[in-house]
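One structure is given below, encoded as structure tokens.
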Protein chains: 2
Amino acid sequence: MLKIALVEFFIVKYITKHIIRNDLKRLFTYRLCLIGFKRKGFDRLYSYTLGEEAGVSADQVRKDFSNYKIKGNKKGGYKIDDLLRSIDDVIKHQDEQYMILVGMGNIGRALVQYKTFKLRKMIIVASFDIDPSKQSKRFGVPVLPLEMLEDIIKKFHVHVAILAVPAISAQDVANRLIDLGIKGILNFAPVILKAPEDVIVNNINIGDELESVIYYTQKVM
Amino acid sequence: MLKIALVEFFIVKYITKHIIRNDLKRLFTYRLCLIGFKRKGFDRLYSYTLGEEAGVSADQVRKDFSNYKIKGNKKGGYKIDDLLRSIDDVIKHQDEQYMILVGMGNIGRALVQYKTFKLRKMIIVASFDIDPSKQSKRFGVPVLPLEMLEDIIKKFHVHVAILAVPAISAQDVANRLIDLGIKGILNFAPVILKAPEDVIVNNINIGDELESVIYYTQKVM
DNA sequence: TCATATCTGTGACATCATTCACATATAAAA
DNA sequence: TTTTATATGTGAATGATGTCACAGATATGA
């Protein structure tokens, strides 16, 4: 007798949509490029310069800015500082962002020490792991038991969590985080998390990303 | 006197296109879900079951399969084993994949020990770092100086590299890898790498992904 | 064995994203 | 100051991606 997976067999808590828009992602890319140009000592650039650097067409750059009501100077290009300010405005970039991290495996430990987070003032206020042996160690931030999630989330008014737990426990931990008021999850566990409408989940599946690369290299050869 | 960034100022080596197709990524997602279902003891499922789990519509699932000429059974749904075999066939999934990793910082060290890679038989044959103090240590794989890149790439016929070096040196290292015959790069450095047409670059910008999440949480509230 | 309910497979349609093309503004040069 | 070359800004056209709807196949149950 075959065992058929019917959707009815599961308690479907939530629906998740793929929500991170490409045009928004491009805004972050532009931002990155602009910071690079600024570091090289430039004050201004043109849409085609930025497009070249960001790997998109000049039309795309201008269209994106048009959609987000970001203005440049006719003929004069864009002032980098103005542009950065406009983008920061659109993406509501704030100076300091507090978050928590759950799961101190390989990925988790790397992320709590990740310098780019520090540079961009993304501050992990605490990390969590069920393994008591990890709790004794310190990795720049305290490693706490999951029982303390509520305390920390409430104390620091955290709305964003990074999830780096094994696949098997990811949905359970996510549910717990959502119950405690977390509204955004960056998920590194190789599962598609389910979450309610008002919670954004961004799934990063490193294994899949690598396999995509492998796929294309095989295609070329 | 303003300094304007003109595209002519740079030696534009290559053009990179954003190439990883969404429908292919979904194939990987389906694969992941199917393995999950199988582990739970199921033999068969329907397009809407898989869609629900993968976070897409049933139509989308069927359309994807249709596009890749993957067949199911009218009314009877899909046999999980058949489906997995078909998908593996499309993505040219091979049992063992050899690759190298450059940059043994936080992310690099995490990735050489990343269990999902091991599970999926993605094997990092060697890692590289300019820092001699890291070369003395062992993290499951040998840490070698960059001078040995050519030896290893030739010896193991490696075509895929994971790049986890600082942003500032990412393009230089990438150029070097490409010169040595690397055809696919999974890049964790927060820059948009330029590469020739026949080299696939998959950029994972963890900072941007996190900032996207933050953006949406602020929008909701 | 036959009837039927229901799930697949895929064109037709709709929506979303990107490119094109040109009117408009203006920085820079004369 | 005037001219001109050139970059922006944005509707319109094109192309890609996802949804709908239904014909056709068949597993299931009577």
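Lettering of chains follows the sequences in order, A, B, ..., and the numbering in each one begins at 1.
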Report the distance from atom [atom1] of [X] to atom [atom2] of [N], rounded to the nearest whole Å.
X	N	atom1	atom2	value
B:R21	D:dG15	CZ	C1'	12 Å
A:K74	C:dA28	NZ	P	16 Å
A:I70	D:dT10	CD1	P	12 Å
B:N67	C:dG9	CG	P	12 Å
B:D82	C:dT8	CG	P	14 Å
B:K69	C:dG9	NZ	P	12 Å
A:R62	D:dG11	CZ	C1'	13 Å
A:L24	C:dC16	CG	P	17 Å

Distance test, side-chain N/O of [X] to OP1/OP2 of [N], below 4.0 Å:
X	N	answer
B:Y68	C:dT10	no
A:R44	D:dA7	no
B:S47	C:dC7	no
B:R26	D:dG18	yes
A:Y46	D:dT6	no
A:Q60	C:dT19	yes

Of the listed nucleotides C:dA21, C:dT10, D:dT19, the one nearest the side chain of B:S66: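 Nearest to the side-chain atoms of B:S66, counting from C-beta on, is C:dT10.
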Looking at C:dA27, D:dT19, D:dA25, which one has an atom nearest to any side-chain atom of A:K75?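 Among C:dA27, D:dT19, D:dA25, the one nearest the side chain of A:K75 is C:dA27.
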Considering every strand and a 4.0 Å limit on heavy-atom distances, what is the contact class for [X]: base, sugar-phosphate, or nothing?
X	answer
B:D23	nothing
B:K71	sugar-phosphate
A:Y78	sugar-phosphate

May I ask you to decide whether A:D82 forms a salt bridge with A:K71, counting only side-chain N to carboxylate O separations under 4.0 Å? no
Give a yes or no on whether a salt bridge exists between B:K25 and A:D208, defined as a side-chain N under 4.0 angstrom from a carboxylate O. no
Salt bridge (charged side-chain N to carboxylate O under 4.0 Å, His left out) for B:R21 and B:D23? Distances and angles first, verdict last. CA-CA 6 Å; B:R21 292 171 59 93; B:D23 55 351; 3.0 Å; yes
Does B:K63 contact C:dG11 through a side-chain donor or acceptor facing the base, at a distance under 3.5 Å? yes
Output the distance between atom CG (B:N67) and atom CZ (B:R26), rounded to the nearest 0.5 Å. 9.0 Å
Rounding to 0.5 Å, atoms CZ (B:F65) and OG (B:S86) come to a distance of 8.5 Å
Which of parallel (below 30°), tilted (30 to 60°) and perpendicular (above 60°) describes A:F42 and A:F37? perpendicular
Start at the 5' end of DNA chain C and walk down; is the nucleotide closest to B:D64 or to A:N73 reached first? B:D64
